[in-house]
Amino acid sequence: MELIDGNQIAAAIAAELKAEVAAIQGRKPCIALVRVGEDPASVSYVKKKEKTAAEIGITSRIILPPVTISQPELFALLDALNADPDVDGILVQSPLPKHIDEVATFRRVSALKDVDGFNTLNLGKVAQEDDTGFVACTPAGIMELLRRTGVDLKGKHVVVVGRSLIVGKPIALLALQKKAGANGTVTICHSGTADLPALTRQADVLIAAIGRAEFVTAAMVKRGAVVIDVGINRVADPSKKNGYRLTGDVHFPSVAPLAGKITPVPGGVGPMTVAMLMKNTVKAFRLRAGQ
Ligand code: NDP
């Protein structure tokens, strides 16, 4: 079994971006990070994004509207960022409060600054295999992990568990693209799938994006499969200082010994998501600057 080290690969991408940003004369790329309210996971994600941006030399602008912000007020805030010539990328941290329409909010971000890749136009470009758009960071990060660890999807059966707009659907579309490294034969599973283990056991590459701690067990995995664990779940653990531990959607102790390659949680897909956000921000800067 080979452990896929997302931290190491993300650090390599950050180093590449740092050199690229250092070579930019004048104004550096800038990302606006919008976090509504104080959700503890969101607080830590935005902090991590701010820190990584600073390490690369990307300017970040942190905007922290109160949890009571109304939909029109949030739209107005995004409109101002869309119009701001010094802002290249805009990220609205999910989850948003219940009274805010998340999809409508993602749509409000200008397609040219949509570094999270959730805008309708950018999701559509993934389906059209048009590389001028922005690919959602987690799926883009998974493809980059596979590429940099020498996993070619051509001729492979890729089974994705989960069909969210953020992970499941876009990673399935990327794996399916008629491009080098992709060209997979893709099955997408969800809560309505009959006999899920029968399908996951056929996977040469199994991508778990379910949001259920340790859901995928050894009995669901073929020996030698590449297992990509997208899940980030907080499980109560009184022995930890903060009272919880992070775990993926895969039961790592039983699956790892039979997997060909596997991502750990933490330290697998998570760091890649942040790295790809930074990559998209530099791309947005270049597109806007006509470079
Ligand atoms: P969602 O809740 O939006 O989607 C979960 C998907 O899993 C749904 O399609 C759902 O099916 C499916 N599902 C749930 N239960 C079952 C089941 N019993 N059998 C089969 N399918 C099931 O989650 P996300 O896609 O947003 O996130 C998934 C996980 O990835 C979470 O743990 C999240 O924290 C993590 N994540 C990690 C990121 C990273 O950077 N590493 C980034 C984004 C997310 P249905 O559609 O039928 O409801």
Side-chain angles (χ1 to χ4, degrees), residues 6 9-10 13-14 17 29-36 42 45-46 48-50 52-53 56 58 60-61 63 74-75 78 81-82 87-96 100-148 158 160 162-177 179 181-182 186 188 207 209 211 228 230 232 269-288:
I9 297 172
I13 294 170
L17 290 173
C30 170
I31 182 168
L33 300 167
V34 180
R35 168 169 63 75
V36 181
S42 295
Y45 290 148
V46 170
K48 172 73 184 151
K49 289 166 186 172
E50 184 184 5
T52 307
I56 292 171
I58 292 173
S60 52
R61 210 186 276 182
I63 299 149
L74 184 57
F75 280 168
L78 293 175
L81 292 172
N82 286 339
V87 171
D88 301 293
I90 301 168
L91 171 129
V92 184
Q93 185 63 49
S94 165
L96 290 165
I100 300 288
D101 180 336
E102 201 155 274
V103 172
T105 302
F106 294 149
R107 280 194 190 135
R108 193 74 173 209
V109 174
S110 157
L112 295 173
K113 298 189 177 186
D114 173 38
V115 287
D116 233 355
F118 297 155
N119 177 295
T120 313
L121 188 75
N122 285 316
L123 279 167
K125 284 187 174 182
V126 174
Q128 292 173 340
E129 308 199 13
D130 176 344
D131 290 335
T132 63
F134 296 103
V135 178
C137 301
T138 301
I142 295 169
M143 291 304 285
E144 195 71 16
L145 267 187
L146 294 171
R147 195 173 70 77
R148 292 192 186 224
V158 180
V160 179
R163 59 175 159 186
S164 71
L165 272 181
I166 291 175
V167 191
K169 275 186 192 133
I171 188 58
L173 283 170
L174 289 171
L176 190 65
Q177 285 187 341
K179 279 189 187 157
V186 180
I188 310 175
I207 301 175
I228 304 294
V230 184
I232 302 179
V269 174
M272 292 301 292
T273 299
V274 181
M276 299 318 280
L277 179 69
M278 300 302 142
K279 203 168 173 148
N280 277 349
T281 303
V282 175
K283 180 177 181 180
F285 173 89
R286 293 213 181 280
L287 285 175
R288 294 183 64 245

Q. For the atom pair CG (N280) and CG (L91), what is the distance rounded to the nearest 0.5 Å?
A. 10.5 Å

Q | Separation of L17 CG from K283 NZ (nearest 0.5 Å) | A | 12.5 Å

Q: Take I90 and N82, measure what side-chain contact (heavy atoms from CB on, under 4.5 Å) needs, and give me the verdict at the end.
A: CA-CA 8 Å; I90 301 168; N82 286 339; 3.2 Å; yes

Q. Shortest non-hydrogen contact from I13 to A275?
A. CG2-CB, 4.1 Å

Q: Return yes if some donor-acceptor pair links the side-chain N/O of N122 with the main-chain N/O of A111 below 3.5 Å, else return no.
A: yes

Q: Just jot down the side chain to side chain contact (heavy atoms under 4.5 Å, CB included) partners of D101, sequence neighbours excluded, or say none.
A: Q71, V103, A104

Q: List the atom of A172, the atom of I188, and the distance in Å for their closest heavy-atom pair.
A: CB-CD1, 3.4 Å

(Q) Holding to side chain to side chain donor-acceptor pair (under 3.5 Å), I want the full list of residues that pass it with T120, two or more places apart in sequence or in another chain. (A) R107

Q) By side chain to side chain contact (heavy atoms under 4.5 Å, CB included), which residues pair with T138, not counting sequence neighbours? A) I142, V167, V230, V269, T273

Q.
Taking the side chain as everything from C-beta on, heavy atoms only, tell me whether L145 gets closer than 4.5 Å to I9.
A. yes

Q: Answer yes or no: is there an ion pair linking K125 with D114, defined by an N-O contact shorter than 4.0 Å?
A: no

Q: Please round to the nearest 0.5 Å and tell me the distance separating atom CD of Q177 and atom CD of E129.
A: 4.0 Å

Q: Just do the side-chain contact (heavy atoms from CB on, under 4.5 Å) check on V135 and E144 with the steps written out, would you?
A: CA-CA 12 Å; V135 178; E144 195 71 16; over 6 Å; no

Q | Candidates K179, M143, K169 - the one meeting side chain to side chain contact (heavy atoms under 4.5 Å, CB included) with L174 | A | M143

**Q.** Heavy-atom side-chain contact between T281 and I56 under 4.5 Å
**A.** no

Q | Minimum-distance pair of heavy atoms, taken over all atoms of S42 and P95 | A | OG-CD, 3.7 Å

Q.
Quick test of your reading: applying ring-ring contact (aromatic ring centres under 6.0 Å, His included), list the pairs with at least one residue in residues 119-140, sequence neighbours left out, ordered by first then second residue.
A. none

Q: Carefully, step by step, assess I31 and K49 under the rule side-chain contact (heavy atoms from CB on, under 4.5 Å).
A: CA-CA 10 Å; I31 182 168; K49 289 166 186 172; over 6 Å; no

Q. Who passes side chain to side chain contact (heavy atoms under 4.5 Å, CB included) against A127, sequence neighbours left out?
A. L173

**Q.** CA sep, side-chain torsions, deciding dist, call: M278, I58, side-chain contact (heavy atoms from CB on, under 4.5 Å)
**A.** CA-CA 8 Å; M278 300 302 142; I58 292 173; 3.9 Å; yes

Q | Non-hydrogen side-chain atoms of D116 and C137 separated by less than 4.5 Å | A | yes

(Q) In the structure I gave you, are the side-chain heavy atoms of Y45 and I232 within less than 4.5 Å of one another anywhere? (A) yes

Q. Donor-acceptor pair, K113 side chain versus L81 backbone, under 3.5 Å?
A. yes

(Q) Side chains of R108 and L74, heavy atoms from C-beta outward: is any pair under 4.5 Å? (A) no

Q | L96: side chain to side chain contact (heavy atoms under 4.5 Å, CB included) partners, not counting sequence neighbours | A | V36, V92, I100, E102, T105

Q. So which heavy atom on I166 is nearest to which on P170, and how close?
A. O-CG, 3.7 Å

